[in-house]
Amino acid sequence: MAKSTSKTKSNSVWRFFSSVKLTIVLLIILAITSILGTIIPQMPQRESVEFARGLSPGMFKLFSFINLFDMYHSLWFRLIIGCLALNLIICSIDRFPATLKQFRFRPGADRNKPFQDLPLNQTFFVEGNVEDTANQVARFIKGRYKKIKRKHAGDRYYFLSEKGKYSRFGVYLVHLSVLIIVIGGLIGSFFGFDGYINIVEGEQIDAIKLRKQTTPLKLGFEVRCDKFTVDFYENGAPREYRSELSFFVNGKEVEKENLLVNHPIKFRGITFYQSSYGKTPGNKVRLKIVRHANEHESIGMEAEQGNSFPLPGKEGQFQVLKVDANLRGMMGPAALISIHAEQGDETRFWIFQNWETLQNRFPKQMLQSPMLNSSAFKPYTFYLEGLESKFYTGLQVNRDPGVSLVWIGSFLMIGGFFVTFFMSHRRIWVRVSNAKRGSTISIAGTSNKDPVGLERELAHLSINLNGYLNKRK
Amino acid sequence: MINTIILSYVTFGYFGAFILYLLMMVMGRATFGRLASLLSVVGLGAQSLAIILRWVESYQLGIGHAPFSNLYESLIFFSWTITLLYLIVEWRTKNRTLGVFVMPLAFLAMAYASFSPNIASRIQPLIPALKSNWLITHVITCFFAYAAFGISFGLSLMYFLKLVDNEKRNNTFLKLIPRKGILDDLNYQMVAIGFLMLTLGIITGSVWAYSAWGRYWGWDPKETWSLITWFIYAAVLHSRMVRGWTGKKIAIMSIIGFFCVLITYFGVNYLAGLHSYATT
């Protein structure tokens, strides 16, 4: 980048932000502070709460005061990034005029200064008339460089070619790309959302939960999960998760698609990602009903929650009132049975799939409650054989209107790097001057960076031009 | 699993190459250097073959994927990129002294992959999150960045050794190290290539994260460390390109930068996060 030209803008804030020292300091501060968030677990991870519990009250207060549990979204961290952005803008504005001047500068072709102190291999002798030689040189250079300026002064012929002029702007392109990415990120955080929803197979939803708010967000359309499947490899690792989704607008199905990990679905500006899955009890249970404690009089059946079924001996009706995959979080799969006798009251009791283990784990007195007596309605005993379980699919649901800017910025940044790192603005002079019985040819050049590359190019040009001219004689 | 057998020979090959480069430096005999280069080239060839065989083998197992999916495969690939990049630099600069400082990295990565009891060399199937076209580009760009930064680290060490070199000492090893200006210039080139590759790696990673998890940036520890590394090298480039710093300061910053690379690469073993499939 060009040297600072802040003579006119001597205001001290401007001077502070136009310093590259500040850039280096800010980059290092950002690097060091960013480390904190990789050591302290950040919200909303579960480890974050555990970590906070382990702190002394004073430390906890300090940590939460400076937002260390969500530091990357804290004001102070954003301020540092803001300073860097301001620094980058002001540095670029400050230096741009000087760059433009160098970009526009057109040196004369007949300059002799670049030819002072040339290395020996960049000057050589060619026999023959100066004018002829100059024409040959012109022909040779035209094949290699696009724009060539020619000048004839006295008995000297000059050629100037220039390339990579635009590479002077590479660094501004990189800075612009950083700003575009930051703006894209800001747009995403202000106008986008980040939510999730679990949909049980066969069910449909019209709203999602947001991570940063408690009120759910209405989508304006419905999504149904028709089916969820998970495939496994032979070693037990998951191979593929697949949700078959249908989208409804005003009750009408408009789209049907399969959602896979790494293959999100976009519907009406909102993107759905396959992110997790789980099992939830369905509304069917498998029961075994034994009469008179006699295995021969037992029947097995499937019962749907809410429906009434007659008892095998017609003494009354029963139904499954509730199904719980893990009652009270520790008693395992359970179902609440309600029996209405032909005459008489209702009998209610819970039955458990893991009754045997429960008997070993809990004291006898506790299990003698009538609510837990599976033989409460004589002469029957109910056994829970299993719950039908259903999959639910866990979806990440997002909208990020800033993301295309982020990709544009990324693209520009890579382009900018190529220009800044691998291209330079070079000017190459070739001088043909009259000498005894021939002409002397000198080659010189200047470059805004990469002096080694320039040296290589000049040496290469000398060898080739020498070979070209001396071969023809 | 013929590929793992070849790879364990390659480990010894790279160790041998390092010893030969060292002998060249200590004894000042160019023959050792030529042998070292030969051994490195043969090792790289064998390693490339093993990687291709592993790739083919995964298809024969019915779980075909590029061999970049776990820590074992990533270490092999890291060693491959660093050897390849080093040999290119050696060929372009016609100087073999860098080998003493870079080949140990290639050897250590291989040795860690082959001999650590915690690292499984089996070909494992891909979990759904890794099934993406971005896997190959993301891994290749990141690892070329790591390799370029590794070479920059080696050059910085050489720079410090060259600082203590003087006429009185008359030490062959130190005398063979190229002069400081060349080291500094080459270091800058490596940092520039590494920075470009790291940026590409971060970008391809965010495109991938966006399609897999629904966000392009999530401050996951590995993501954050890659950004920290990026900040450090951005500071290196600014101090050199604009402030005109060279030599010692740049060498120190490059060494710090490479430590950040190591944390980015291996730190996930100790920090929780979404890249945890790269730990076994």
Side-chain angles (χ1 to χ4, degrees), chain A residues 1 20-21 23-32 34-35 37-39 41-42 45 47 71-73 91 95 171 184-185 188 194 231 233-235 237-241 260-264 271-275 396-398 400 403 406-407 410-411 413-414 417-418 420-422 449 451-452, chain B residues 62-63 122 124-134 182 185 189 192-193 195-196 199-200 202-204 206-208 210-225 227-239 241-243 245 253 256 260 263 267 271-273:
Chain A
M1 221 197 290
V20 178
K21 242 187 222 164
T23 316
I24 296 166
V25 169
L26 285 174
L27 285 170
I28 291 173
I29 290 177
L30 273 175
I32 293 171
S34 296
I35 297 174
T38 66
I39 299 167
Q42 299 289 294
Q45 284 177 61
E47 292 88 347
M71 63 157 281
Y72 303 113
H73 303 104
C91 266
R95 284 139 205 269
V171 68
D194 174 13
D231 263 359
Y233 293 107
E234 277 167 29
N235 70 356
R239 183 207 297 270
E240 186 185 86
Y241 310 120
L260 297 154
V261 180
N262 273 314
H263 300 277
T271 319
F272 294 81
Y273 303 85
Q274 180 69 58
S275 85
Q396 164 85 21
V397 187
N398 280 25
D400 190 344
V403 77
V406 173
W407 300 150
S410 308
F411 203 76
M413 184 181 279
I414 296 302
F417 281 163
F418 268 102
T420 345
F421 292 149
F422 307 119
K449 55 195 164 203
V452 183
Chain B
I63 47 173
R122 262 180 313 116
Q124 290 150 329
L126 281 187
I127 59 166
L130 290 180
K131 277 188 188 166
S132 166
N133 295 332
W134 292 101
I182 294 176
D185 210 65
Q189 286 181 31
I193 291 172
F195 193 65
L196 174 71
T199 311
L200 272 171
I202 292 175
I203 291 172
T204 51
S206 20
V207 175
W208 184 4
Y210 185 67
S211 70
W213 301 320
R215 86 284 184 295
Y216 53 82
W217 193 263
W219 297 105
D220 163 73
K222 191 151 184 144
E223 287 172 4
T224 310
W225 270 102
L227 187 67
I228 292 169
T229 311
W230 194 87
F231 285 143
I232 297 290
Y233 284 106
V236 172
L237 289 169
H238 279 90
S239 38
M241 290 171 100
V242 193
R243 308 269 325 151
W245 290 3
M253 287 171 90
I256 295 172
C260 292
I263 298 174
L271 304 165

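Quick caveat, the model's predicted, so the values are computed rather than measured. Chain identifiers are assigned alphabetically (A, B, ...) following the order of the sequence lines, protein sequences preceding nucleic acid strands; residue numbering begins at 1 within each chain.
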Within-4.5 Å side-chain heavy-atom neighbours: [X] and [Y]:
X        : Y        : value
A:Asn262 : B:Trp134 : no
A:Leu27  : B:His238 : yes
B:Lys131 : A:Leu260 : no

Identify the two heavy atoms, one from [X] and one from [Y], that lie closest to each other, and give their separation to 0.1 Å.
X        : Y        : answer
A:Tyr241 : B:Pro128 : CE1-CG, 3.7 Å
B:Ile232 : A:Ala31  : CD1-CB, 3.9 Å
A:Ser34  : B:Thr224 : O-CG2, 3.7 Å
A:Gln396 : B:Trp213 : CG-O, 3.6 Å

Quick check on [X] against chain A: is it the side chain, the backbone, both or neither that has a heavy atom closer than 4.5 Å?
X        : answer
B:Trp230 : side chain
B:Ile256 : neither
B:Asn133 : neither
B:Ile202 : neither
B:Thr229 : neither

Where on [X] is there a heavy atom nearer than 4.5 Å to chain B: the side chain, the backbone, both, or neither?
X        : result
A:Ile35  : both
A:Gln274 : backbone
A:Phe422 : side chain
A:Thr23  : side chain

- What do the steps show when you test B:Trp219 against A:Met71 for side-chain contact (heavy atoms from CB on, under 4.5 Å), and what is the final call? CA-CA 10 Å; B:Trp219 297 105; A:Met71 63 157 281; over 6 Å; no
- State the CG-CZ distance between B:Leu237 and A:Phe417, to the nearest 0.5 angstrom.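 Reported value, rounded in 0.5 Å steps: 8.0 Å.
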- Query: Rounded to the nearest 0.5 Å, what separation is found between the OG1 atom of A:Thr38 and the CD1 atom of B:Ile228?
  - Reply: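 Between atom OG1 of A:Thr38 and atom CD1 of B:Ile228 there are 5.5 Å.
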- Item | Options A:Ile414, A:Asn398, A:Ile28, A:Thr420, ranked by heavy-atom pairs under 4.5 Å with chain B, top entry |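 Sorted descending by pairs with chain B, the first entry is A:Ile414.
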- Message: Parallel, tilted or perpendicular, judged at 30° and 60°: which one describes the rings of A:Trp407 and B:Tyr216?
- Response: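 A:Trp407 and B:Tyr216: perpendicular rings.
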- Query: Checking side-chain contact (heavy atoms from CB on, under 4.5 Å) for the pair B:Thr199/A:Met413: CA distance, chi angles, key distance, verdict?
  - Reply: CA-CA 9 Å; B:Thr199 311; A:Met413 184 181 279; 3.5 Å; yes
- Can you spot which of B:Ile203, B:Leu200, B:Val207 makes a side chain to side chain contact (heavy atoms under 4.5 Å, CB included) with A:Ser410?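 Going through the options one by one, the only one that passes is B:Ile203.
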- Test side-chain contact (heavy atoms from CB on, under 4.5 Å) on B:Ile127 and A:Tyr233 and set out the steps. CA-CA 9 Å; B:Ile127 59 166; A:Tyr233 293 107; 5.9 Å; no
- Task: Just do the side-chain contact (heavy atoms from CB on, under 4.5 Å) check on B:Leu196 and A:Phe418 with the steps written out, would you?
- Result: CA-CA 8 Å; B:Leu196 174 71; A:Phe418 268 102; 3.9 Å; yes
